[in-house]
Amino acid sequence: MKHSLLITSMLSVLALSACDKKETVVVPPAATATTPSEPSTTVVAVPGPAGATGATGAAGSSGATGMTGSTGSAGSTGMTGDTGAKGSTGSAGSTGDTGATGATGATGSGSTVIVVPPEQKK
């Protein structure tokens, strides 16, 4: 990522410099009429051959280290978890002990009373 911006800018410079450029033609102004008594002197500047390539410049110094970023904000609280599954039913308890035998009742007087329940309505 550090060099991608540099590479992208260099490619765009090359792409733009490859475009066709229109040639610019400079036309010198027309010569003024001179009388034969005045000698005409015209100085024309002619470019000479290209000079030698200059020496490579010295490497630049390293840039200063950037400042440390600030601490990020705290994250959000997590969501509540799902309710646990229902537990299994416990096993049946043991059968209780047999109760003690009750005491024998007193002997009756000899007459028996029978109680008839009332009749239920339907």
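All of these numbers come straight from a predicted model, not from anything done at the bench.
The hydrophobic cluster containing Ile7 also includes Leu11, under a criterion of side-chain heavy atoms closer than 4.5 Å among ILVMFWY residues, counted directly or through chains of members. When hydrophobic side chains of Ile, Leu, Val, Met, Phe, Trp and Tyr are connected at separations under 4.5 Å, Val43 ends up as a singleton with no cluster partners. Met10 shares a hydrophobic cluster with Leu6; the chain of contacts runs through ILVMFWY side chains whose heavy atoms sit under 4.5 Å apart.
Every side chain to side chain contact (heavy atoms under 4.5 Å, CB included) that Val44 has, sequence neighbours left out, goes to Thr42, Val46.
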